[in-house]
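First the structure, in the form of structure tokens, and then the observations on it.
In what follows, residues are counted from 1 in the order of the sequence shown. Since the model is a prediction, treat every value here as computed from it, not as a measurement.
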Amino acid sequence: MHPPSLFSLSDHLQRLSKDGDPLEILEGTVDFEQFRDLLIGGLGYSDGKKGGRPPFDPVSMFKVLVVQAQHNLSDARMEFMIRDRLSWMRFFGFDLGGAMPDENTIRHYRNRLSESGTLGSLMEAFDHQLTQQGYLAMGGQIVDATLVPAPKQRNTEDEKAAVKAGRSAKQIWRGKPNKAHQKDVDARWTLKIGGKIRYRPDGTPLPQIATPVFGYKNHISIDRRYGFIRKAKTTSAADSDGRQLRDVIDTNNTASNVWADTAYRSQRNEKWLARNMMTSRIHRRKPRGKPMPEYTAKANAAKSSVRAKVEHVFAHQKGRYGLFIRTIGLARAEAKLTLANLAYNFDRLIFHERRQCTG
């Protein structure tokens, strides 16, 4: 079997372009070069005077992390896919037969960007890029959170108590460094209550299905007009949604309305929104021991029609990306979710640009 010639390889890539390579569309829509200075600063690249093998191009490696997030691949699987797919090589700027990053390199780049706080800066930089292109945060904002599973931990009762007490993995599993390295002491269990709450004629709620979930939460706010993720925060699965409201509110939105479900309604949040000149469109709870007033039910239904837009974000990330936390610890989970949020915003921009072209 003869190796392919440069001409046959070029013809193959041209055919991929003709068939509609999604990565070429991504390359033509998002200006990745605008991130270069941030990436260089976050990675701490030297001027090369000390010698050694030159590092991979920072923009190329950022593209690697974005595509990895889109497909929710492990670092080892990502290494294989880079070598396996010609369209991916072309997008990353790697040459067939040339040097390519291995799984340790991919992990190293992501950790460096996470530790330096660069991933959050990249999110802000892209939001600035959106504003320059006319996609301002408009129409108010919708706040919500979704549970993201992580590998379940098998711990004894004493170990569980130590984790809840806030002890580190090294403290809990002394003398067992390999075991401690595989233990996630930041993720938590919680119950996911499924389905809409329905009530009997006397006002008492019908039973709901409760599913235990171990992992983290991705708290986000999107603008109502364009549906981009403007702010985000990562917590353990057990953390309260309502307590994260202030951290995910986008003060740059041109409208004051804030939509959210009943988990975010509290006197503290209502007062904070009022002090900051924002209008609460948060769902109201059913009075305890009484049926839901008809006017409240209608108001909640109207709010739900707006709030449903945020569910499209989570459906995209979980359905298309297969979102799942493979890493250990809150910092790495935050890195994974930030990259997934960035990847979603890139896809959302492609959607809007296409819609403008087709009218």
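With sequence neighbours excluded, no residue forms a side chain to side chain donor-acceptor pair (under 3.5 Å) with T338. For Q14, the side chain to side chain contact (heavy atoms under 4.5 Å, CB included) partners are S10, D11, not counting sequence neighbours. Legend: residues meeting side chain to side chain contact (heavy atoms under 4.5 Å, CB included) with E115, ordered by chain and number and at least two apart, are N111. H219 is linked by a ring-ring contact (aromatic ring centres under 6.0 Å, His included) to nothing, counting only residues two or more places apart in sequence or in another chain. Residues passing the salt bridge (Lys or Arg N to Asp or Glu O under 4.0 Å) test with K63 are E27, sequence neighbours excluded. The side chain to side chain contact (heavy atoms under 4.5 Å, CB included) search around R77 returns L73, S74, F80, M81, not counting sequence neighbours. The side chain to side chain contact (heavy atoms under 4.5 Å, CB included) search around P293 returns P287, Y295, T296, not counting sequence neighbours.
N218 contributes no side-chain N or O that, together with a main-chain N or O of L337, makes up a donor-acceptor pair within less than 3.5 Å. A donor-acceptor contact shorter than 3.5 Å is absent between the side chain of D21 and the backbone of L16. Checking side-chain atoms of Q182 against main-chain N and O of N178 turns up no donor-acceptor pair under 3.5 Å. With hydrogens and angles disregarded, a donor-acceptor distance shorter than 3.5 Å links the side chain of K286 to the backbone of K290.
When every heavy atom of I106 is checked against every heavy atom of M61, the shortest pair comes out as CA-CE, 4.2 Å. Nearest approach of G139 to N253, heavy atoms of both residues: N-OD1, 3.7 Å. Between I25 and T29, the closest heavy-atom pair is O-OG1, 2.7 Å.
For the 3.5 Å distance criterion, the side chains of S17 and E24 qualify, holding a donor opposite an acceptor. Between the side chains of N341 and Q317, at least one donor N or O lies within less than 3.5 Å of an accepting N or O. Q70 and Y344 are not linked by any side-chain donor-acceptor pair at a separation below 3.5 angstrom, with hydrogens and angles left out of the test. For K318 and T146, the side-chain atoms include at least one donor-acceptor pair closer than 3.5 Å. Side-chain atoms of N155 and K183 form a donor-acceptor pair, as typed in the model, at a separation below 3.5 Å. Q68 and R110 are linked by a side-chain donor-acceptor pair at a separation below 3.5 angstrom, with hydrogens and angles left out of the test. Side-chain polar atoms of D347 and Y321 form a donor-acceptor pair below 3.5 angstrom.
At a threshold of 4.5 Å between side-chain heavy atoms, the hydrophobic network of Ile, Leu, Val, Met, Phe, Trp and Tyr places L191 and V163 in two separate groups. V248 and L342 fall into different hydrophobic clusters, where Ile, Leu, Val, Met, Phe, Trp and Tyr side chains are chained together by heavy-atom contacts under 4.5 Å. No single ILVMFWY cluster, assembled from side-chain heavy atoms under 4.5 Å apart, contains both L273 and I220. Grouping the Ile, Leu, Val, Met, Phe, Trp and Tyr side chains by contacts below 4.5 angstrom, directly or via other members, places L119 with M78.
The salt bridge (Lys or Arg N to Asp or Glu O under 4.0 Å) contacts involving residues 123-149 comprise D127-R230, D144-R307, where partners must be two or more places apart or lie in separate chains. Within the structure, ring pair (Phe, Tyr, Trp, His ring centres under 6.0 Å) pairs that include any residue of residues 152-194 comprise W189-F214 (at least two apart or interchain).
Note: W88 and H71 have tilted aromatic rings, judged against thresholds of 30 and 60 degrees for the angle between ring planes. Note: H352 and F228 have tilted aromatic rings, judged against thresholds of 30 and 60 degrees for the angle between ring planes. Using cut-offs of 30° and 60° for the angle between ring planes, the F35 and F32 rings count as perpendicular.
Taking Ile, Leu, Val, Met, Phe, Trp and Tyr as members and joining any whose side-chain heavy atoms lie under 4.5 Å apart, directly or through other members, F351 forms no hydrophobic cluster with any other residue. The hydrophobic cluster containing L147, built from Ile/Leu/Val/Met/Phe/Trp/Tyr side-chain heavy atoms closer than 4.5 Å, also comprises V213.
The 12-atom threshold is not exceeded at CZ of R15, counting heavy atoms of other residues, nucleotides or ligands nearer than 6.0 Å. Counting heavy-atom neighbours within 6.0 Å of R285 CZ, excluding the residue itself, gives a total above 12. Taking a 6.0 Å sphere around CZ of R243, one finds it holds 12 or fewer heavy atoms contributed by other residues, nucleotides or ligands.
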(message) If you apply the rule side chain to side chain donor-acceptor pair (under 3.5 Å), what do you find for E353 with Y135, and how did you get there?
(response) CA-CA 11 Å; E353 293 290 292; Y135 295 104; 2.4 Å; yes
(message) Working note: W272 + I249, criterion side-chain contact (heavy atoms from CB on, under 4.5 Å); need CA distance, chi angles, decisive distance, verdict.
(response) CA-CA 11 Å; W272 184 85; I249 287 292; 3.8 Å; yes
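V64 pairs with exactly one of F91, F56, F94 by the side chain to side chain contact (heavy atoms under 4.5 Å, CB included) rule, that one being F94.
A salt bridge does not link D261 to K303: none of the charged nitrogens lies less than 4.0 Å from a carboxylate oxygen. A salt bridge does not link R188 with D239: every distance from a Lys NZ or Arg NE/NH1/NH2 to an Asp or Glu carboxylate oxygen is 4.0 Å or more. Ion pair R107/D75 flagged as a salt bridge, since at least one NZ, NE, NH1 or NH2 atom sits closer than 4.0 Å to an Asp/Glu carboxylate oxygen.
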Acceptor/donor pairs from residues 322-334 side chains to any protein atom, 3.5 angstrom cut, sequence neighbours excluded:
from: R326; atom 1: NE; to: N72; atom 2: O; distance (Å): 3.2
from: R326; atom 1: NH2; to: N72; atom 2: O; distance (Å): 3.0

